[in-house]
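Shown next, in structure tokens, is the structure this report addresses.
Sequence lines set the chain letters: A, B, ... in the order given, protein chains first and strands last, and positions in each chain run from 1. Predicted model, so just to flag it, every value in this text is computed and none were measured.
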Number of protein chains: 2
Amino acid sequence: MNAAAAPSDIRQHLLLTAQRIMGGKGFSAVGLNEILTAAGVPKGSFYHYFDSKEGFGEALLEAYFADYMERFEALLTKPGMTAAERLLSYFSFWLETQASHDPEGKCLAVKLGAEVSDLSEAMRSVLDRGTQQIVERLAACIEAAVADGSLIGERDAQSMATALYELWLGASLLAKITRSRRPLVSAMATTRQFLFTPVHA
Amino acid sequence: MNAAAAPSDIRQHLLLTAQRIMGGKGFSAVGLNEILTAAGVPKGSFYHYFDSKEGFGEALLEAYFADYMERFEALLTKPGMTAAERLLSYFSFWLETQASHDPEGKCLAVKLGAEVSDLSEAMRSVLDRGTQQIVERLAACIEAAVADGSLIGERDAQSMATALYELWLGASLLAKITRSRRPLVSAMATTRQFLFTPVHA
DNA sequence: CCCGAAAATAGACCAGTCGTCTAGTGGCAA
DNA sequence: TTGCCACTAGACGACTGGTCTATTTTCGGG
């Protein structure tokens with residue numbers, strides 16, 4: 001009865017703990033025990049809140065994307081900037097969060113995408129919807145940038161958004177592999193060139 | 001005995017079997033037993049050829065990249081093409097292998113990169129060297145394309161190579177997540193645009 | 001103040017993990 | 001033959017994995 005958190009957000013507490021741990025070690029390599037212990041929740045309780053490890057993973061990804069989209073939205077609607085500036089500030093944010101070694105805020109699409117996609121159809125589907133949403137929101141921002149004149153829209157927004165998202169996913173993966181921010185810095189340069197170079201002819 | 005393969009390439013047989021299985025399920029999710037059973041090799045033999053699962057993973061990645069670079073090299077030196085055509089044929093090859101669902105030939109950098117990089121420093125280091133080699137070889141090909149006039153080199157080759165590699169890594173990840181070749185097709189379009197669009201001004 | 005039901009927990013369960021170890025095979029050299 | 005060595009064989013140990021049943025705790029209404 002001492003350090004108990006609020007009554008029934010144990011579920012969310014578990015998800016948050018797992019995000020930290022699995023964001024670092026992956027899905028299969030982490031046992032429920034580790035998460036339960038770290039969260040201070042007894043093992044027996046797990047199946048009261050979730051119906052399996054896979055169901056837990058699903059919920060984890062859903063919570064992650066929900067939170068991600070919220071912060072993303074906030075970034076993309078900050079006042080006093082052109083849409084193009086907002087775009088760049090998003091990628092700049094991406095660079096900083098993924099370059100830092102803190103286990104919080106690690107992109108789960110990068111960390112878990114490849115591992116989980118052919119392990120669980122349910123989890124894959126959450127990832128699919130989540131990434132699609134991000135690309136769509138990105139495309140909307142590009143359109144806004146064309147509309148407010150901060151960007152010259154010579155290619156359709158959807159495919160530009162896809163290209164940028166792919167670039168940054170790959171750069172994040174490479175950053176993990178090289179343990180360096182260089183790939184991300186490089187992606188930033190590519191992004192600028194990609195956005196602000198008019199297609200000739 | 002009956003189905004025994006050649007005398008002592010059991011080691012390689014194990015690595016090949018593992019490439020198939022782990023290319024599908026990942027590293028942590030696969031036990032040595034599964035690989036040994038699939039390869040028809042008894043457990044006792046494993047530790048004669050490798051000293052641990054991690055050491056095995058290291059050897060797996062090393063063998064993978066060695067083989068990869070060999071085929072890569074062959075592709076990039078095929079006669080009767082401009083260097084730019086060779087570049088495109090490489091990415092076109094990438095598209096086909098990653099889009100197909102066959103477990104062979106799956107890119108281990110994509111599949112294992114994120115999972116393994118913060119699990120084993122030894123494996124990360126192999127991935128690091130392997131990807132770097134690929135980027136370097138790619139850069140060399142870009143330089144050759146500039147030299148033979150099939151490409152206009154307005155940006156330095158190294159950073160173009162990095163950008164392309166990042167793009168394709170991300171596209172492959174997205175292809176896994178969406179179970180679709182769309183992201184790869186999109187990357188192909190981006191690649192063409194990226195390579196053949198002169199930077200204006 | 002006690003009952004009944006839901007919420008939460010404890011701990012058993014067994015299949016599976018990696019890695020070790022002893023015993024045994026076969027072939028080759030001296 | 002004898003000794004040696006690469007290799008095979010698979011039982012074994014200590015442990016962890018996810019899961020589930022049985023039990024306790026909690027708590028609101030009668």
Next on the checklist: Under 4.0 Å, counting only non-hydrogen atoms across every strand here, what does B/Gly44 touch: a base, just sugar-phosphate, or nothing?
Outcome noted: base
Checklist entry - Heavy atoms under 4.0 Å, any strand shown: does A/Val41 hit a base, just sugar-phosphate, or nothing? => result nothing
Item to check | Out of D/dG18, C/dG19, C/dA8, whichever nucleotide has its closest atom nearest the side chain of A/Leu32 | outcome: D/dG18
Next on the checklist: Are the side chains of B/Leu16 and B/Gln19 in contact, using a 4.5 Å heavy-atom criterion?
Outcome noted: yes
Next on the checklist: I want to check one thing: is the phosphate of C/dA8, taken as OP1 and OP2, less than 4.0 Å away from some side-chain N or O of A/Tyr49?
Outcome noted: yes
Next on the checklist: Nearest to the A/His48 side chain among C/dT9, C/dT20, D/dT8, which nucleotide is it?
Outcome noted: C/dT9
Checklist entry - What is the nucleic acid contact for A/Lys53, judged by heavy atoms within less than 4.0 Å: base, sugar-phosphate only, or nothing? => result sugar-phosphate
Checklist outcome for this item: A/Ile10 CD1 to C/dA7 C1', in whole Å, measures 10 Å
Checklist entry - What's the CG-P distance between A/Leu14 and C/dT9, to the nearest Å? => result 10 Å
Checklist entry - Aromatic rings A/Tyr68 and A/Tyr64: how do their planes relate, parallel, tilted or perpendicular, breaks at 30° and 60°? => result tilted
Item to check | Between C/dG19 (C1') and B/Glu54 (CD): distance, integer Å | outcome: 14 Å
Checklist entry - C/dT17 P sits how many Å from B/Leu36 CG, rounded? => result 11 Å
Next on the checklist: Would you say B/Asn33 places a side-chain N or O within less than 4.0 Å of OP1 or OP2 belonging to C/dT17?
Outcome noted: yes
Checklist entry - Are the charged groups of A/Asp128 and B/Arg179 less than 4.0 angstrom apart, N to O? => result no
Item to check | Trace of the side chain to side chain donor-acceptor pair (under 3.5 Å) decision for B/Arg129 with B/Ser125 | outcome: CA-CA 6 Å; B/Arg129 272 175 282 136; B/Ser125 141; 2.9 Å; yes
Checklist entry - Rounded to the nearest Å, what distance is computed from the CG atom of residue B/Asp9 to the P atom of nucleotide D/dA6? => result 18 Å
Item to check | Closest to the B/Pro42 side chain, choosing from C/dA10, D/dA11, D/dT8 | outcome: D/dT8
Checklist entry - Between B/Phe56 and B/Phe46, how do the two ring planes meet: parallel, tilted or perpendicular, split at 30° and 60°? => result perpendicular
Item to check | Listed nucleotide nearest any side-chain atom of B/Tyr47, set C/dT20, D/dT8, D/dC20 | outcome: C/dT20
Checklist entry - Starting at NZ of B/Lys43 and ending at P of D/dC7, how long is that distance when rounded to a whole Å? => result 20 Å
Checklist entry - Of all the nucleotides listed (C/dG19, D/dT19, D/dT8), which has the minimum atom distance to the side chain of B/Ser45? => result D/dT8
Checklist entry - Separation of A/Phe46 atom CZ from D/dG17 atom P, in whole Å? => result 13 Å
Checklist entry - Does A/Asp51 or A/Ala29 map to a spot on DNA chain D nearer the 5' end, using the closest nucleotide for each? => result A/Ala29
Item to check | Integer-rounded Å distance: C/dG19 C1' and B/Phe50 CZ | outcome: 15 Å
